[in-house]
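Data block below; observations after.
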Amino acid sequence: MVRFLTEVPEDHPRYLSLKERHAIIDGMHQKIVAEAGLIAHGRGEAFDYILGEETPAYALIQEEAAVAILLLAEHPVISVNGNVAVLCPKELVQLAEKTSAKLEVNLFYRTKEREKNIESVLKDAGAKEVLGVHLGDRAKSIPEITHKRRIVDLNGIFLADVVFVPLEDGDRTMVLRKMGKKVISVDLNPMSRTSVWSNVTIVNHVRRATREMLDIADDLTKKSKEELITIIDKYDNNNLLQDSLRFMSDRLIKLAQKQLKEG
Ligand code: PTJ
């Protein structure tokens with residue numbers, strides 16, 4: 001469990017954002033989050049500010065397609081890094097339960113210490129099984145990747161047909177696609193390599209996205225296989241990425257007009 005060390009005054013106008021920022025900093029001190037995770041979080045914050053820190057309508061369509069793919073998968077795996085272990089561990093564990101997915105720790109800045117710490121965070125959040133740790137003979141290597149994200153679990157990402165990668169750096173997404181796997185990502189930056197290469201890109205804050213996916217999963221588990229296939233067939237990731245960029249640019253124009261009137 002992450003110990004929250006920094007007190008944030010509840011009456012602060014940006015309480016939630018500050019609380020989250022300090023959770024990431026505390027997570028770094030406790031060797032859960034990588035140092036670069038702070039920079040990645042800051043980049044995400046900037047994009048979320050443009051979204052107005054709310055889920056736009058297009059993201060709900062992306063999230064629905066993502067859940068449909070997870071529910072139809074034979075071996076779905078949720079890949080967990082340091083940032084998401086701090087931001088939404090319970091949501092990830094529950095999503096894994098609802099979609100029969102496995103949880104696997106997969107790190108860019110992989111150390112044994114961080115692996116074990118993230119495993120503990122997930123177990124504290126209710127996970128019964130965590131792959132990607134204590135690998136031994138189960139360690140497999142993804143071809144073409146030279147950094148440590150290449151190390152995957154034989155029973156997890158290696159075998160998976162669908163991999164959910166909340167918060168990612170792009171090159172693995174491309175290689176996973178080349179290996180014939182479907183990739184679902186969450187990235188507030190719709191222009192990142194991960195966003196462009198994923199089968200389904202959710203352009204939303206990972207905490208909001210995973211929470212909403214839990215409700216969507218409750219809804220979609222009541223649907224037939226054919227209905228889930230229809231959701232996926234109708235889905236066009238490229239169109240939705242364009243919608244997300246349009247949403248952001250419209251927001252910026254509206255903000256500029258407001259500023260002009262008020263200023
Ligand atoms: O824990 P590790 O060792 O696996 O390392 C994880 C990090 C995040 C450091 C590593 O994957 C990394 O360097 O990622 P990047 O290349 O900085 O990409 C992170 C992407 O996530 C950026 O495009 C950010 O805009 C986006 N992002 C950051 N915070 C959020 C986010 N997207 C959704 N929700 C967020 N809260």
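Position 1 is the first residue of the sequence; numbering continues from there. What you see below is based on every heavy atom in this structure, not just the backbone, and it leaves out hydrogens, waters and symmetry mates. Counting convention: from 1, in listed order, for ligands and their atoms alike.
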N or O contacts of ligand 1 with protein under 3.5 Å, please list pair by pair.
{"from": "ligand 1", "atom 1": "1 (O)", "to": "Gly82", "atom 2": "N", "distance (Å)": "2.9"}
{"from": "ligand 1", "atom 1": "1 (O)", "to": "Arg114", "atom 2": "NH2", "distance (Å)": "2.7"}
{"from": "ligand 1", "atom 1": "3 (O)", "to": "Phe108", "atom 2": "N", "distance (Å)": "3.3"}
{"from": "ligand 1", "atom 1": "3 (O)", "to": "Tyr109", "atom 2": "N", "distance (Å)": "2.8"}
{"from": "ligand 1", "atom 1": "3 (O)", "to": "Arg114", "atom 2": "NH1", "distance (Å)": "2.8"}
{"from": "ligand 1", "atom 1": "4 (O)", "to": "Phe108", "atom 2": "N", "distance (Å)": "2.8"}
{"from": "ligand 1", "atom 1": "4 (O)", "to": "Arg149", "atom 2": "NH1", "distance (Å)": "3.4"}
{"from": "ligand 1", "atom 1": "4 (O)", "to": "Arg149", "atom 2": "NH2", "distance (Å)": "3.1"}
{"from": "ligand 1", "atom 1": "11 (O)", "to": "Arg149", "atom 2": "NH2", "distance (Å)": "2.9"}
{"from": "ligand 1", "atom 1": "11 (O)", "to": "Asp169", "atom 2": "OD2", "distance (Å)": "2.6"}
{"from": "ligand 1", "atom 1": "18 (O)", "to": "Glu168", "atom 2": "O", "distance (Å)": "3.3"}
{"from": "ligand 1", "atom 1": "23 (O)", "to": "Asp187", "atom 2": "OD1", "distance (Å)": "2.8"}
{"from": "ligand 1", "atom 1": "23 (O)", "to": "Asp187", "atom 2": "OD2", "distance (Å)": "3.2"}
{"from": "ligand 1", "atom 1": "32 (N)", "to": "Leu188", "atom 2": "N", "distance (Å)": "3.1"}
{"from": "ligand 1", "atom 1": "34 (N)", "to": "Val206", "atom 2": "N", "distance (Å)": "3.0"}

**Item:** With sequence neighbours excluded, residues passing side-chain hydrogen bond (donor to acceptor under 3.5 Å, both in side chains) with Arg14
**Value:**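 In terms of side-chain hydrogen bond (donor to acceptor under 3.5 Å, both in side chains), with neighbours along the sequence ignored, Arg14 is linked to Ser17, Glu53.
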**Prompt:** Who pairs with Gln94 by side-chain hydrogen bond (donor to acceptor under 3.5 Å, both in side chains), at least two apart in sequence or on another chain?
**Reply:**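 For Gln94 there are no side-chain hydrogen bond (donor to acceptor under 3.5 Å, both in side chains) partners, ignoring immediate neighbours.
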**Request:** May I ask you to check whether Glu212 and Thr55 show a side-chain donor-acceptor distance below 3.5 Å?
**Result:**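 Side-chain D/A pair, Glu212 to Thr55: present.
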**Asked** Under 3.5 Å, is there a donor-acceptor pair linking the side chains of Glu20 and His205?
**Response**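 Looking only at side-chain atoms, His205 and Glu20 do form a donor-acceptor pair, the distance falling under 3.5 Å.
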**Asked** Looking at residues at least two apart in the chain, or sitting in another chain, which of them share a side-chain contact (heavy atoms from CB on, under 4.5 Å) with Asp250?
**Response**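 Partners of Asp250 under the side-chain contact (heavy atoms from CB on, under 4.5 Å) test: none.
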**Request:** For the residue pair Leu241 and Thr201, establish whether any side-chain heavy-atom pair is separated by less than 4.5 Å.
**Result:**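 Contact flag for Leu241/Thr201 side chains = yes.
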